[in-house]
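All heavy atoms count here, side chains included; hydrogens, waters and symmetry mates do not. Heads up: numbering here begins at 1 and tracks the sequence. Not measured: the values here are computed from a predicted model.
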Amino acid sequence: MRSLLSIVPCMLLGWGLSLLGLPLAYMFGAIAAVIIAYRFRVAIEVPKHSLTVVQIVLGGAVGLTVKGLQGEETRDIFLLLPFLFICLLLQFIIGYLWFNRKMGWSREESMLGAVPGAMAAVLALTDHTQTQPQKIVISHTIRLVVLIIIASIIVGLNPSPATDLITESVSYSYAINSHTFSVIGWLSIIAVGGYWLGRLLERIHVPAPYMLTSLVVAVLVHLLSATTLVMPDFLNALSMALIGMRIGASFISFPLSMLISNIWSSIQAVFISLIVTILVALVTAEIMDYPIDLLILAWAPGSMEAMLFAAIAMKVNVGIVMSSHIIRMSMLHVIPAIVLAFQERRRRS
């Protein structure tokens, strides 16, 4: 109950920031609320299944937006795969060299800190290699925050046209007023179907399982429904606030001195990864004739949720952005699992 009540101040502060026109206001409002409450010794608890809710809402929103990938888009995803692999490899190598040669981190710390995202897989490796996780977690958390800030700047520099906003608000209002129960029913199907199918994928360790399943269910629902469906603004705001609460909780879990001592090196590593991403995106855009902003959002080293929020706001090809991040996250989860299996086999032999 306390965790549910903790959402209220985060949403209120996010709502206040949204009145000021701040992009991703509910996310930044929740981060600020958690940090401020901690300084005043007030406990704000992150809801237990917050990430599941975020995945279902975001996956449903994407599914209702893209209505499935077209044949050309699917082909383009496969054509972009080699460039994605090159981008990931360069991000890792350059990040490792920077941490190890410039910052003086150990080999294990440098390898884990250089992984472009997938904190859960990285933490599993820290346990196995008995590496101190503090630097690693701070590095990945700073990367997440920096990417969210960049995503908010991108959204702020590329606002949706006023006419589109008016059209969307009118159509959404019409759908709710005319077919309230129908809309609630379809959205409930997306939530329930995405959750139970996601639990099946979670058992086989598929990354972001609820996002995948809710997207598929949303696409099917949109094809079957005669009603114009969009994800309610309240649920989008709630999901952003839940992400912000998780990020804020990551910051307050470390002593301030440790956070400050590692924050500069982490920021440097993030911008190095971003420079690599931009350079590879520039080359790929020239070869494939694809928009560079789409490629940057698709190949950013982490924060799939923030990049998807930015892609939706910018009205770029959300399907390609999400597919690229799912492929990236799958690789970053599978490769550590293979490494652990080989190490365990060698240890036994």
Side-chain angles (χ1 to χ4, degrees), residues 3-39 44-62 65 117 119 137-138 140-160 208 210-211 214 230-253 259 263 266-267 270 274 296-297 300-316 318 321-322 325 329:
S3 61
L4 295 178
L5 292 176
S6 297
I7 298 175
V8 176
C10 298
M11 291 289 288
L12 288 176
L13 186 53
W15 174 73
L17 294 178
S18 68
L19 296 179
L20 301 176
L22 180 69
L24 303 179
Y26 287 93
M27 190 180 298
F28 287 111
I31 295 173
V34 171
I35 295 175
I36 292 171
Y38 175 77
R39 295 304 170 193
I44 287 186
E45 296 182 6
V46 182
K48 184 177 180 181
H49 300 290
S50 58
L51 195 57
T52 301
V53 174
V54 170
Q55 289 185 32
I56 292 174
V57 172
L58 194 53
V62 172
T65 301
M119 188 185 293
V137 174
I138 291 174
H140 282 269
T141 303
I142 293 298
R143 173 188 290 141
L144 178 61
V145 173
V146 170
L147 289 174
I148 288 174
I149 293 173
I150 292 174
S152 69
I153 293 173
I154 293 173
V155 173
L157 294 176
N158 297 272
S160 300
Y210 300 99
M211 188 180 297
S214 59
V230 295
M231 191 61 64
D233 290 339
F234 171 76
L235 291 180
N236 289 327
L238 176 63
S239 63
M240 283 193 283
L242 291 174
I243 293 176
M245 292 175 71
R246 292 179 67 89
I247 297 170
S250 298
F251 270 99
I252 64 175
S253 61
L259 190 62
I263 196 168
S266 300
I267 290 176
V270 174
L274 285 175
I296 293 174
L297 290 175
S303 186
M304 174 166 53
E305 293 85 358
M307 294 304 113
L308 284 174
F309 281 131
I312 293 171
M314 293 171 60
K315 298 186 182 300
V316 300
V318 183
V321 174
M322 181 172 184
H325 277 283
M329 293 294 291

Asks: To check you understand the geometry: which heavy-atom pair defines the closest contact between L235 and V57, and what is its length?
Replies: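 Nearest pair, atom of L235 first, then V57: O-CG1, 3.6 Å.
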Asks: Please check if the side chain of S6 supplies one atom and the backbone of E45 the other of a donor-acceptor pair under 3.5 Å.
Replies: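 Yes.
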Asks: For A237, which residues count as a side-chain contact (heavy atoms from CB on, under 4.5 Å) partner, sequence neighbours excluded?
Replies: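 Scan of A237 (side-chain contact (heavy atoms from CB on, under 4.5 Å), adjacent residues dropped) gives M11, Y26.
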Asks: So which atom in L13 and which in A32 form the shortest heavy-atom distance, rounded to 0.1 Å?
Replies: CD2-CB, 3.8 Å
Asks: Step by step, work out the side-chain contact (heavy atoms from CB on, under 4.5 Å) result for S50 and R246.
Replies: CA-CA 8 Å; S50 58; R246 292 179 67 89; 3.3 Å; yes
Asks: So, for P47 and I7, which heavy atoms are closest and what is the spacing to 0.1 Å?
Replies: CG-CD1, 3.7 Å
Asks: If I compare all heavy atoms of V34 with all of C10, which pair ends up nearest, and what's the gap?
Replies: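 The pair with the smallest heavy-atom distance is CG2-SG, 4.4 Å.
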Asks: Please name the pair of heavy atoms, one in G60 and one in S214, separated by the smallest distance, quoted to 0.1 Å.
Replies: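 In terms of heavy atoms, the two residues are closest at N-OG, 3.5 Å.
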Asks: Only counting residues at least two apart or in another chain, list the ones meeting side chain to side chain donor-acceptor pair (under 3.5 Å) with T52.
Replies: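 Side chain to side chain donor-acceptor pair (under 3.5 Å) check on T52 returns nothing, list empty.
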Asks: Go through the structure and list residues passing side-chain contact (heavy atoms from CB on, under 4.5 Å) with V270, not counting sequence neighbours.
Replies: R143, V146, L274
Asks: Filter on side-chain hydrogen bond (donor to acceptor under 3.5 Å, both in side chains), then keep only pairs touching residues 27-38, sequence neighbours left out; what's left?
Replies: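 Listed by first then second residue: nothing to list.
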Asks: Quick one: closest heavy-atom pair of G244 and I31, and the distance?
Replies: O-CG1, 3.3 Å
